[in-house]
Amino acid sequence: MSRQVTVAVNGKSVSVPAGSTAAVAVAAVGLSQFRTSVDGEPRGPLCGMGICFECRVTINGRAHRRSCQTVCTAGMEICTDGP
Amino acid sequence: MARNEHYDVLIVGGGPAGIAAACCAARAGRRVAIVDDNPAQGGQIWRGMTEEWTAATQSPLAASWLRRLREAKVEVLAGTQIVARPRDGVLLAETDADACLLAYDKLILAAGARERFLPFPGWTLPGVTGAGGLQSLVKSGLPIAGRRVAVAGSGPVLLAVADCLRDHGAEICLIAEQAPWPRLVRFGCGLIGSPGKLLQGAGYKWRLKTVRYRTGCWPVAAEGDGKLSSVTFHAGSKTRTVACDYLACGFGFVPSLELPTLLDCRLDGGAVWIDDWQETSVQGIYAAGETTGVGGVDLALIEGQIAGYAAIDCQDHAARLFRARERGRRFVGALDRAFALREELKSLATAETPVCRCEDVSRQQLEAYGSWREAKLQTRCGMGPCQGRVCGTAAEFLFDWQRESIRPPIFPADVGTLAEIRPLGKQPGK
Amino acid sequence: MSTKAADVVVIGAGIVGAACAWEFAREGMSVTLIDSGAPGGGATAAGMGHVAVMDDSEPQFALTRYSQQLWREIVDELPDDCEYETCGTLWIAADDEELAEVRRKQQAYTRRGIDAEVLDAAALARAEPNLRSGLAGALRVPGDLVVFPPCVARWLIAGATECGAQVRLGTAAVEISDRGVRLADDSLLPAGAIINATGHGAERLTPGLSLQPRKGHLAITDRYPGFIHHELIELGYLKSAAAVGTDSAAMNVQPRITGQMLIGSSRQTGQESTDVDMAILGRMLRRAMEYLPALARVSTIRTWTGFRAATADKLPLIGRCSSGQRSSQGRLYLATGHEGLGITMAPGTARLLVDAVMGRESAIPPEPYLPARLEKGDSA
């Protein structure tokens with residue numbers, strides 16, 4: 001059993017395996033919409049390697065962070081931009 | 001304040017090419033570092049692989065290189081993004097926490113490639129990802145067990161992705177390859193001289209033997225309410241709709257050329273030009289792997305080694321690898337021909353389909369203009385944080401538009417990071 | 001192929017040339033607009049799009065105020081992509097000395113009928129919480145506005161076209177002669193009047209103007225709605241803009257309707273390269289961070305450069321050009337030399353030229369902008 005890390009996604013606590021990215025935590029709470037596009041459309045991860053910026057979320061109060069490139073740390077607060 | 005570091009050899013990119021280059025350059029007490037924007041070394045292909053894990057599973061190749069890397073005492077600066085060149089011989093990078101100025105005597109560019117994404121109706125729905133993209137997400141922990149995945153696009157990567165996802169418990173409903181069957185047969189026959197490749201391909205096919213693999217087949221629309229629920233494919237003369245949770249879709253790879261372009265390295269045919277020693281047109285800057293043309297892991301490892309040796313003036317070691325590189329390149333040429341993208345893919349996007357996902361600019365809006373620059377100025381296309389990496393690559397394929405020259409930052413960077421650039425002699429620290 | 005003479009040939013499809021084409025076409029004159037590149041692709045695309053009343057001198061005030069009034073007449077018709085917003089300007093005073101200057105400016109503005117109020121330190125902090133503490137105050141000019149200039153240029157050109165103007169893009173003008181404007185493809189456009197509106201490059205077609213290109217840098221951030229609410233400019237900007245011959249950087253940060261921020265500004269002379277100069281960019285961003293410390297962790301998406309066309313007396317060149325008289329028989333007019341105020345002054349510039357060509361009286365005295373003032377006696 002791998003070590004778990006607990007983070008909060010939109011205020012909801014979730015545990016993911018250590019080394020998981022924030023994108024994994026967002027998916028783990030059942031969300032597919034990571035951000036809302038400028039025209040109001042739902043968006044989620046595309047490239048998985050940090051170049052498309054579709055998986056942007058707010059992490060510990062900082063906007064526009066790429067969830068696919070950010071490794072979860074204990075207590076991390078992740079907020080998606082969408083319903 | 002920015003950290004200042006100096007390396008004898010600095011390598012940008014921690015995939016196979018970068019790792020091989022680092023292992024070869026890290027000799028005789030040289031200070032060598034790999035800098036990579038991903039949270040861990042390995043690049044996309046070896047993403048999430050630890051030495052123990054790879055040794056225990058099917059990637060002894062990755063395991064042996066990762067072991068060599070550890071033993072070579074190479075510094076790995078993960079989660080570190082190169083954003084600008086303050087002056088010759090120095091790169092500015094940023095991490096989540098701070099900025100750093102990385103000076104080097106020799107530089108090896110091994111920043112790899114990225115997937116080409118092409119717009120079609122519904123391609124912006126959550127659940128539609130890159131092919132390599134979904135693989136990367138799964139390797140970094142995305143749970144995929146029991147999810148239905150259609151894999152589409154082009155290239156041998158589709159098989160590798162499907163194999164990996166199935167390993168992680170995904171149900172692969174379809175693999176849709178846009179290239180026509182006869183071309184693939186010719187390609188397969190050409191592999192007789194490369195038994196390794198043939199066996200690798202055969203291995204994938206064997207493990208995926210229960211999965212439907214269709215050639216001449218590509219997605220024409222993704223459907224769903226707020227997220228993906230089904231994909232309609234063009235297959236032969238018919239269309240066919242497949243229910244799925246993910247569409248993993250990528251139309252080949254394009255080299256990442258932002259940094260080499262910023263460093264004034266000459267390009268040739270959409271890749272970095274290099275000489276026999278993997279040296280670019282700029283003295284002291286080498287390039288290896290996909291950045292010199294998309295060629296896969298084996299070629300990347302060979303090029304990386306040559307670059308690593310050449311950078312520390314071990315030309316004799318480097319020269320011994322020339323023949324292997326030659327073989328690898330022949331394979332690449334065959335690959336390009338077999339998986340060339342068909343014209344029909346240019347008309348998948350309808351007038352309303354967004355091409356620029358950052359700024360939501362539709363095909364119709366772009367078509368009113370005659371060039372990338374004009375379209376960019378008038379529609380904001382390419383002005384978002386991806387800096388045109390997605391839409392610019394698509395527009396190049398759709399409209400034959402050439403993108404304009406590159407300007408710093410080559411990746412979005414904090415104001416505070418760029419503010420660390422000071423005139424020579426006024427850098428704080430040492 | 002013989003071409004019928006246009007009443008007016010406008011060279012340069014930047015914001016100034018586009019405004020000229022639109023105004024002449026609206027007057028019922030036949031207009032041909034030419035440019036070697038895309039509309040609004042030069043300094044127009046590089047600028048911030050700030051439409052501000054400025055009071056460095058009486059003529060500068062007159063033309064910026066007149067132009068801003070003209071902008072107000074069109075802003076409601078602008079399409080959304082022109083990103084029009086009246087955000088107002090805050091001229092920031094760092095200390096008491098600058099605050100005294102703010103008070104003087106406030107009186108100068110209100111005396112001439114421009115709304116302006118002095119904010120003390122507390123009011124400034126309330127208006128812009130992201131500014132650092134310890135600032136003395138600011139002058140708030142609520143009527144200043146911002147636009148996205150390349151799209152405005154396109155809209156003006158479309159308007160001109162609707163009134164019958166011809167637009168020829170992609171072909172450079174190579175010579176202005178007594179017969180008209182000769183293009184790179186060797187065709188000749190005969191013209192009643194010729195407007196050289198080619199910004200800092202105007203001397204290529206009209207030598208002897210003594211224009212000085214002043215390079216500027218800008219950065220744009222990702223979207224942070226509400227980070228700032230006004231265009232913020234340090235009062236020292238005026239010194240920076242006025243300084244000649246030295247490199248300077250001043251804090252000038254503008255909120256866009258998208259939630260993005262434009263960060264400026266720098267001025268450099270003697271530069272030819274369009275490349276981003278990392279050292280001056282760093283200096284400019286550090287200056288912005290001195291005022292807005294939280295910018296440090298705001299993401300920059302792009303940076304770029306552009307060239308302003310500066311004149312010796314900091315006023316534009318608008319009107320008949322006498323130095324080119326012999327070859328163009330008095331038909332050549334200039335519309336350049338706006339330095340950093342090309343967007344602001346474009347509508348007023350166009351009106352002054354229409355009046356000059358048609359022999360009408362202008363709404364403001366045109367003399368301070370006439371090119372003749374800077375021409376050397378021996379070239380006339």
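A, B, ... follow the sequence lines: proteins, then strands. Residue 1 opens every chain.
Considering only heavy-atom pairs separated by less than 4.5 Å from chain A, the leading option among B:P385, B:A248, B:G226 is B:P385. Ranked by heavy-atom pairs shorter than 4.5 Å toward chain A, the options B:G250, B:G384, B:G132, B:P412 are led by B:P412. The greatest number of non-hydrogen atom pairs below 4.5 Å with chain B, out of A:V16, A:V71, A:I51, A:V26, is found for A:I51.
Proximity to chain A is limited to the backbone of B:V128, based on heavy atoms less than 4.5 angstrom apart. For B:D36, no part lies near chain A; criterion is any non-hydrogen pair under 4.5 Å. No part of B:Q387 comes within reach of chain A, as not one of its non-hydrogen atoms sits under 4.5 angstrom from that chain.
Across all non-hydrogen atoms, the minimal contact from B:G141 to A:S20 is CA-OG, 4.4 Å. In terms of heavy-atom proximity, A:Q33 sits nearest to B:P126 at CA-CG, 4.4 Å. Taking both residues in full, the closest heavy atoms of A:R65 and B:D96 are given as NH2-OD1, 2.7 Å, listed atom of the first, atom of the second, then distance. The shortest non-hydrogen separation linking A:C52 to B:V390 is CB-CG2, 3.7 Å. Across every non-hydrogen atom of B:L142 and A:A27, the tightest pair is CD1-CB, 3.3 Å. For the pair B:P39 and A:Q69, the tightest heavy-atom approach, listed with the atom from each and the gap, is CG-O, 3.7 Å.
Side chain of A:R43 to main chain of B:R357: a donor-acceptor pair is present (N/O by atom type, distance under 3.5 Å, no hydrogens or angles).
Distance check: A:R66 CZ to B:F411 CZ gives 5.0 Å after rounding to the nearest 0.5 Å. Between the CG atom of B:L125 and the CD atom of A:E41 there is a distance of 8.5 Å, given to the nearest 0.5 Å. Taking OG1 of A:T21 as the start and NZ of B:K139 as the end, the distance is 13.5 Å to the nearest 0.5 Å. For the atom pair OG (A:S37) and CD (B:E359), the distance works out to 10.0 Å, reported to the nearest 0.5 Å. Separating the CG atom in B:L137 from the OG atom in A:S67 is a distance of 8.0 Å, to the nearest 0.5 Å. The CZ atom of A:R56 sits 9.0 Å away from the SG atom of B:C386 when rounded to the nearest 0.5 Å.
The environment of A:E77 atom CD is sparse: at most 12 non-hydrogen atoms of other residues, nucleotides or ligands sit within 6.0 angstrom.
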Could you go through B:D414 and A:R62, starting from their C-alpha distance and side-chain angles, then the distance that decides it, and tell me whether this counts as salt bridge (Lys or Arg N to Asp or Glu O under 4.0 Å)?
CA-CA 11 Å; B:D414 285 353; A:R62 295 185 69 194; 2.7 Å; yes

Report the C-alpha distance between B:R380 and A:V38 in whole Å, list the side-chain angles of each, state the deciding distance to 0.1 Å, and finish with yes or no for side-chain contact (heavy atoms from CB on, under 4.5 Å).
CA-CA 12 Å; B:R380 303 182 56 84; A:V38 299; over 6 Å; no

